[in-house]
Amino acid sequence: YSELLAYVHVSTYKNWDDVGKFYWGLVKDQLRVTEEIRTAAKEATAGIPESDDQARIRAVYDFVVSRTRYVGLEFGINSFKPYPVETILSRRFGDCKDKASLMHAMLEALGIDSRLTLLRMKHLGDLQTQEASLAVFNHAILYVPKYQLFLDGTAEFHGSGELPADDRGADVLVVDPAGNSKFFRTPAASPDDNSDVTRMAMRLSADGSAAVTYNGEARGSWTAELRRTYEPAAERKSRAEEQLSRGLLPNLKITAIDVSDPHDIEKPFETRLTATANEYAHKTSRGLSFAPFGQKQSFVESYAQLSKRALPQQLPQPQRTVVEAQVELPRGWTAAIPYGAQEEGPQGTYSVSYQVTGGKVVARMELMLKGGTLQPEQYPAFRDFLGRLDAALRQRIDAQPLTQTAALN
């Protein structure tokens, strides 16, 4: 609403540096490094060389994210002031400012400089004025100046390099104990920060069923949802069947599944499975017809449902999506493939290609979206851009036996 409506913002602070000085005076006594904090920092970084600062930072971040729970007890002054870090450590829970404070103290125990950071989450909107106050912030994270690294201690299932989307492009005040606090914006994500690569191999039978091998690798902030979804080992098979049957392959039955450790948050999330799809292709009078990309959800339905807009739209976070499907035809069969398509627009690019080689149909889609804010006058062109991508992906391939092809000729 701050980007669309008029509002009144009243403050007694002269500038952002004054806000930083006040906040540091409020919290500094809560951040004192105790022996318990030093012990926890050493245990979290055990086996990591002292020369490898970045690995030690990751270890402290993983400790706070994975081994302390998010619980907010924000009564009175503790709406703004964190609890003492030794209390947070012993309780093993805290809210955003508590977790940021614990990370700060543990890094200080290791000799690594960091800064408490107040953040206005992206969904609240950018500020239209520069009047300084605490009232504009609703979150707290940590900043490591040496590596220009932001860390969100509440971001469960996110790795240290996977800053949540709501923390990207957000207004922040980095609180400097020396009295040089800075107000600026966190860096926006790039498409390569959020990548999803899927490779499928289908061995097609003459009855339309297919044996499927699926390999997926995801990295970036959306990886957290995958880790959360597949955390319960007993439910992985059913959850994968539900997800893929809805999005790619109807009536999928998984025979084996293997996923990355959901708690190893510093690595990309990988999914490997084998399955059968009884209705991958539909029978026709001449053979089979199939969509190599499966029943993938429409991008128009996902990102541009309305026929027109009167207000700006926040686009999905920048991302790179690749889907490659190799369909092995039944022995002695051939297929006619459609034309590919490619396009570059203000909000991104896509390419869709089809080819037949060695008895296999190879289809590949690559989509890059830049994110950002879309103005109402730009919306129709973006919706049409996605519509042409959907049309390219919906094309079906007709396959038939070579003997039948020869007879028709």
Side-chain angles (χ1 to χ4, degrees), residues 44 54 57-72 92-96 98-100 102-103 117 119 121-124 138-144 149-170 172 186-198 214-236 238-240 242-244 246-247 257-273 297 302-303 314-322 367 369 371:
Q54 290 178 295
I57 291 168
R58 288 193 296 269
V60 168
Y61 169 84
D62 293 352
F63 175 91
V64 172
V65 168
S66 303
R67 297 173 65 182
T68 64
R69 292 177 294 117
Y70 178 84
V71 177
R92 293 300 174 95
F93 68 77
D95 65 6
C96 58
D98 294 326
K99 287 194 164 207
L102 180 57
M103 278 194 291
T117 299
L119 182 142
M121 297 177 92
K122 185 64 178 175
H123 74 267
L124 294 183
N138 70 325
H139 194 34
I141 60 175
L142 194 71
Y143 179 60
V144 183
L149 178 65
F150 288 96
L151 302 170
D152 188 336
T154 69
E156 293 183 357
F157 294 101
H158 290 74
S160 58
E162 299 170 349
L163 197 63
D166 225 5
D167 294 353
R168 290 279 195 178
V172 293
T186 59
S190 71
D192 285 336
D193 289 328
N194 300 301
S195 68
D196 189 357
V197 179
T198 300
Y214 176 102
N215 291 278
E217 179 182 290
R219 63 179 70 237
S221 60
W222 54 16
T223 312
E225 187 57 34
L226 288 170
R227 295 186 182 112
R228 186 177 288 108
T229 297
Y230 290 111
E231 182 186 27
E235 298 180 23
R236 287 172 186 167
S238 61
R239 292 187 177 187
E242 179 184 359
Q243 185 180 55
L244 295 178
R246 182 177 64 248
I257 183 170
D258 181 36
V259 301
S260 302
D261 180 358
H263 300 287
D264 191 353
I265 58 178
E266 295 299 333
K267 292 182 179 179
F269 189 81
E270 297 182 0
T271 307
R272 298 167 294 275
L273 61 86
Q297 185 178 8
S302 297
Y303 300 143
Q314 185 67 43
L315 293 176
Q317 58 185 321
Q319 57 191 259
R320 175 178 174 267
T321 303
V322 176
L367 171 66
L369 294 177

Quiz prompt | Set of side chain to side chain contact (heavy atoms under 4.5 Å, CB included) partners for S302, sequence neighbours left out | solution = Q297
Quiz item: Any side-chain heavy atom of M103 within less than 4.5 Å of one from V65?
Solution: no
Quiz prompt | Sequence-distant partners of T117, side-chain hydrogen bond (donor to acceptor under 3.5 Å, both in side chains), two or more places apart | solution = none
Quiz item: In Å, rounded to the nearest 0.5 Å, how long is the span from CD of Q319 to OG of S221?
Solution: 9.5 Å
Quiz item: Does any non-hydrogen side-chain atom of P262 lie less than 4.5 Å from one of R236?
Solution: yes
Self-check item: Minimum side-chain heavy-atom gap L151-I57 below 4.5 Å
Solution: yes
Quiz item: What residues form a side-chain hydrogen bond (donor to acceptor under 3.5 Å, both in side chains) with R168, not counting sequence neighbours?
Solution: none
Practice problem: Not counting sequence neighbours, which residues clear ring pair (Phe, Tyr, Trp, His ring centres under 6.0 Å) with F63? List them please. | Solution: none
Practice problem: With sequence neighbours left out, write down each residue that passes salt bridge (charged side-chain N to carboxylate O under 4.0 Å, His left out) with R227, or none if nothing qualifies. | Solution: E162
Practice problem: Only counting residues at least two apart or in another chain, list the ones meeting side chain to side chain contact (heavy atoms under 4.5 Å, CB included) with A240. | Solution: Y230, I254, I257, L273
Quiz item: By salt bridge (charged side-chain N to carboxylate O under 4.0 Å, His left out), which residues pair with R219, not counting sequence neighbours?
Solution: E217
Exercise. Sequence neighbours left out, what passes side-chain hydrogen bond (donor to acceptor under 3.5 Å, both in side chains) with T68? Give chain and number order.
Key: K99
Quiz item: Could D166 and K122 be called an ion pair, given the rule that one side-chain N must be under 4.0 Å from one carboxylate O?
Solution: no
Self-check item: Partner set under side-chain hydrogen bond (donor to acceptor under 3.5 Å, both in side chains) for S195, not counting sequence neighbours
Solution: none
Quiz item: Can you name the residues that form a ring pair (Phe, Tyr, Trp, His ring centres under 6.0 Å) with Y61, not counting sequence neighbours?
Solution: none
Self-check item: Partners passing salt bridge (charged side-chain N to carboxylate O under 4.0 Å, His left out) against E156 (at least two apart in sequence or in another chain)
Solution: none
Practice problem: Quick one: pull up OG in S160 and CG in L149 and give me the separation to the nearest 0.5 Å. | Solution: 6.5 Å
Self-check item: With sequence neighbours excluded, residues passing salt bridge (charged side-chain N to carboxylate O under 4.0 Å, His left out) with R239
Solution: E235
Exercise. Could you check if a side-chain atom of L369 sits within less than 4.5 angstrom of a side-chain atom of L315, using non-hydrogen atoms only?
Key: no
